[in-house]
Amino acid sequence: MLDARFIKENVDAVKEALRKRNYEFPLADYIAIEEKRITVMREVEELRNRRNVVSEEIGKLKRQKADASPQLEEMKAVAEKIKSLDDRLRAVEEETRALILTIPNIPHESVPVGRDENENIEVRKWGVPRQFDFKPPLNHWDIAEALDIIDFDRASKISGARFALMKGAGARLERALMNFMLDTNTSKGYKEVFPPIIVNRESMTGTGQLPKFEMELFRIADPEFYLIPTAEVPVTNIHRDEILKETELPVYYTAYTPCFRREAGSYGKDTRGLIRQHQFNKVEMVKFVKPEDSYAELEKLTDNAEDLLRKLDLPYRVVALCTGDLGFSSAKTYDLEVWLPGQDKYREISSCSNFEDFQARRANIRFKREGKKGTEFVHTLNGSGLAIGRTVVAILENYQQKDGSVVIPEILRPYMGMDRIG
RNA sequence: GGAGAGGUGGCCGAGUAGGUCGAAGGCAGCCGCCUGCUAAGCGGUUGUGGGGGUAAAACUUCACCCAGGGUUCGAAUCCCUGCCUCUCCGCCA
């Protein structure tokens, strides 16, 4: 959420930001209603002041056993007026809040301007895609089914499309990756947490999934809850409605959680395999930092995610998302894309974002500077480290052998208790 | 699922015959004083958000005693609903 006053004082900048994002928004309507909100608010406050003053008088008169009927008469009218204006104020407030919650974040000045994902900018590349002495390299689902480590058919019997049943070494690989990632992240100062994975509406609003993206979430109807689409939601909301001490910052968390996504509107995409599932595992990193540090922290966060890929010896590239491809809440995002020989292209495996104070304002996460009065919003960041299902895909495809087996990356062997599947 | 108890400021904890309560008192914190160090002692001070105001302050005003409604000229105090916490019983991994 943007600051209401900031919008008013920087109309042109906001307009420009929305335009760069190809985002349609009735900004003029919003500003008009916001001005009305202030006007009505002043009116109500003036009346309330009058009420406070006269009510005190009435109290005094009554204690002196004096007659207060003229004041009582006046206050009756005032009270009525307050009530009706209050109703109006509430309506206007709801309207402004509903609107402001659907305005996306303003892209950072370093974000490349572009229409869609085709205009994202490659920032760097690491590793060299392997040359196979057999052709063509297989898709991960063919590899996995041949090894009997992922069973898509039975998963669809149990649940439906876009679910997977991991078996034997496949299940073990999933668990090994989870542990490897958590161990690596905690060694870099991230505190491990294991949060609830069903959350309330406030938490979803805090990080920006609601109200705009209800269609992408699994919802539990009664009582109302939501399944998290990413650990970002519960972990960022750990500090919702809190005021942190300056000395506590920065705060780093890492969490493994299952994630649940409707994938509405992606019916044709990635229908086979593990790439796009309704349920998948992910290890996430989340940071709460001081505003002046957040862009340096984004670079560090991205490097932490990259380090996982380097340790697994998987070729990848880093892409800076352009303004048209940026997520709703994000001010700047780097995507990490891992090389997939089976698809002959790079595919997203991590997304690292700086939300600046956009989520902090929604979730009311503040901090207090030493010796200064008042509070400020923190900056929040998060990044996948990493999406586990897609890491499995990358390992199967990059480490496949001519005989159909898959070599386990060096660093995972202690976790796997084997150096080869099949 | 059944039966009770409770939710007050950074913390502890007063405050229910409705008015002078943003809220006693204590602790912690901060600023002074004092004590050759430390402790004790003395005085003062210390919430958040919004509006107005200012160069910035000062200042002023509204709201906030879990949340949302209601009663009333006036509510931390009365009524209703919800959420959360705790205790006992049942059930259960």
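Fair warning: this is a prediction, and the values are worked out from it, not measured in the lab. Below, chains carry the letters A, B, ... as their sequence lines are ordered, and counting in each starts from 1.
One P atom belongs to B:C86, the other to B:C92, and the distance between them is 22 Å to the nearest Å. Here the separation of B:U54 from B:C42, taken at their P atoms, is 44 Å to the nearest Å. The separation of B:U81 from B:G29, taken at their C1' atoms, amounts to 39 Å, rounded to a whole angstrom. Spacing of P atoms, B:U87 relative to B:G32, comes out at 46 Å, to the nearest Å. With both ends at atom C1', the span from B:A3 to B:A93 equals 25 Å, rounded to whole Å. Comparing the C1' positions of B:A5 and B:A63 gives a spacing of 31 Å, expressed to the nearest Å. Between B:A56 and B:G44, the two C1' atoms lie 25 Å apart (nearest whole Å). Rounded to the nearest Å, the gap between the C1' atom of B:G9 and that of B:G25 is 13 Å.
When atom types are taken as modelled, the side chain of A:Ser159 and the backbone of A:Ser156 share no donor-acceptor pair closer than 3.5 angstrom.
Of the candidate nucleotides B:G49, B:G51, B:C62, B:G51 has the atom lying nearest to any side-chain atom of A:Arg5. Distance from the side chain of A:Arg48 is smallest for B:C62 among the nucleotides B:C62, B:C73, B:G51. With B:G52, B:C73, B:U48 as the choices, the nucleotide that has an atom nearest any side-chain atom of A:Thr375 turns out to be B:U48. Nearest nucleotide to the A:Ile58 side chain, out of B:G19, B:U61, B:G49: B:G19. Closest contact between the side chain of A:Arg90 and the listed nucleotides B:U48, B:G51, B:G69 involves B:G69. Closest contact between the side chain of A:Lys62 and the listed nucleotides B:G69, B:C62, B:C73 involves B:C73. In the set B:C62, B:G74, B:G51, B:C62 carries the atom at the smallest distance from any side-chain atom of A:Asn52. Between B:C73, B:G52, B:G49, one nucleotide has an atom nearer to the side chain of A:Met75 than all others, and that is B:C73. Counting only heavy atoms from C-beta on, A:Arg51 has its side chain closest to B:C73 among B:G51, B:C73, B:C62.
Base-pair partner of B:G90: not found among the strands shown (Watson-Crick or G-U wobble, both distances under 3.5 Å). As the counterpart of B:U77, no nucleotide is assigned, since no Watson-Crick or G-U wobble pattern has both distances under 3.5 Å. Pairing for B:U38 is absent, judged as Watson-Crick or G-U wobble with the two contacts each under 3.5 Å. Using N1 to N3 plus N6-O4 or O6-N4 for Watson-Crick, or N1-O2 and O6-N3 for G-U wobble, each under 3.5 Å, B:G25 pairs with B:C12. Nucleotide B:C64 has B:G47 as its partner under the Watson-Crick or G-U criteria, with both atom distances under 3.5 Å. Shown here, B:U85 forms a base pair with B:A5; the pair counts as Watson-Crick or G-U wobble because both key distances fall under 3.5 Å. With a cut-off of 3.5 Å on both Watson-Crick or G-U wobble distances, the partner of B:A57 is given as none.
At a cut-off of 3.5 angstrom, counting only N and O atoms as typed in the model, there is no donor on one side facing an acceptor on the other between the side-chain of A:Glu45 and the base of B:G52.
One can place CD of A:Glu35 at 11 Å from P of B:G52, the figure rounded to the nearest angstrom. The nearest whole Å value for the distance from the CD atom in A:Glu246 to the C1' atom in B:G10 is 17 Å. Per the geometry, CD belonging to A:Gln64 stands 16 Å off P belonging to B:G19, to the nearest Å. Taking atom NZ on A:Lys60 and atom C1' on B:U20, their separation rounds to 7 Å, with Å as the unit. Protein atom CZ of A:Phe377 is 11 Å distant from nucleotide atom C1' of B:U48, rounded to whole Å. Spacing between atom CZ of A:Arg97 and atom P of B:G50 amounts to 14 Å, rounded to whole angstrom units. Rounded to an integer number of Å, the gap from A:Asp241 CG to B:C83 P is 18 Å. The nearest whole Å value for the distance from the CD1 atom in A:Ile38 to the P atom in B:C62 is 17 Å.
Atom CZ of A:Arg154 has 12 or fewer neighbouring heavy atoms from other residues, nucleotides or ligands inside a 6.0 Å radius.
Under the 4.0 Å criterion applied to side-chain N and carboxylate O atoms, A:Asp303 and A:Arg310 are assigned as salt-bridge partners. Residues A:Asp270 and A:Arg390 are not paired through a salt bridge, judged by the lack of any N-O separation under 4.0 Å between the basic side chain and the carboxylate. Ionic pairing of A:Glu34 and A:Arg37 is present here: one or more N-O contacts between side-chain nitrogen and carboxylate oxygen are shorter than 4.0 angstrom. Under the 4.0 Å criterion applied to side-chain N and carboxylate O atoms, A:Asp293 and A:Lys300 are not assigned as salt-bridge partners.
Residue A:Lys83 places at least one side-chain N or O closer than 4.0 Å to OP1 or OP2 of B:U71. Between A:Asn49 and B:U61 there is no side-chain polar atom (N or O) within less than 4.0 angstrom of OP1 or OP2. Phosphate contact (OP1/OP2 of B:G10, side-chain N/O of A:Lys245, threshold under 4.0 Å): absent. For A:Arg50, no side-chain nitrogen or oxygen approaches OP1 or OP2 of B:U61 to under 4.0 Å.
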Worksheet item: Step by step, would you call A:Glu174 with A:Asn281 a side-chain hydrogen bond (donor to acceptor under 3.5 Å, both in side chains)?
Response: CA-CA 8 Å; A:Glu174 193 86 9; A:Asn281 292 314; 2.9 Å; yes

Item to complete: Start with the C-alpha distance between A:Phe218 and A:His278, add both sets of side-chain angles, then the distance that settles ring pair (Phe, Tyr, Trp, His ring centres under 6.0 Å), and finish with yes or no.
Response: CA-CA 9 Å; A:Phe218 282 105; A:His278 285 311; 5.6 Å; yes

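Place A:Asp87 and A:Gly59 on RNA chain B by their nearest nucleotides, and A:Gly59 ends up nearer the 5' end. Comparing A:Ala79 and A:Lys368 along RNA chain B, the residue whose closest nucleotide (by nearest heavy atom) sits nearer the 5' end is A:Lys368.
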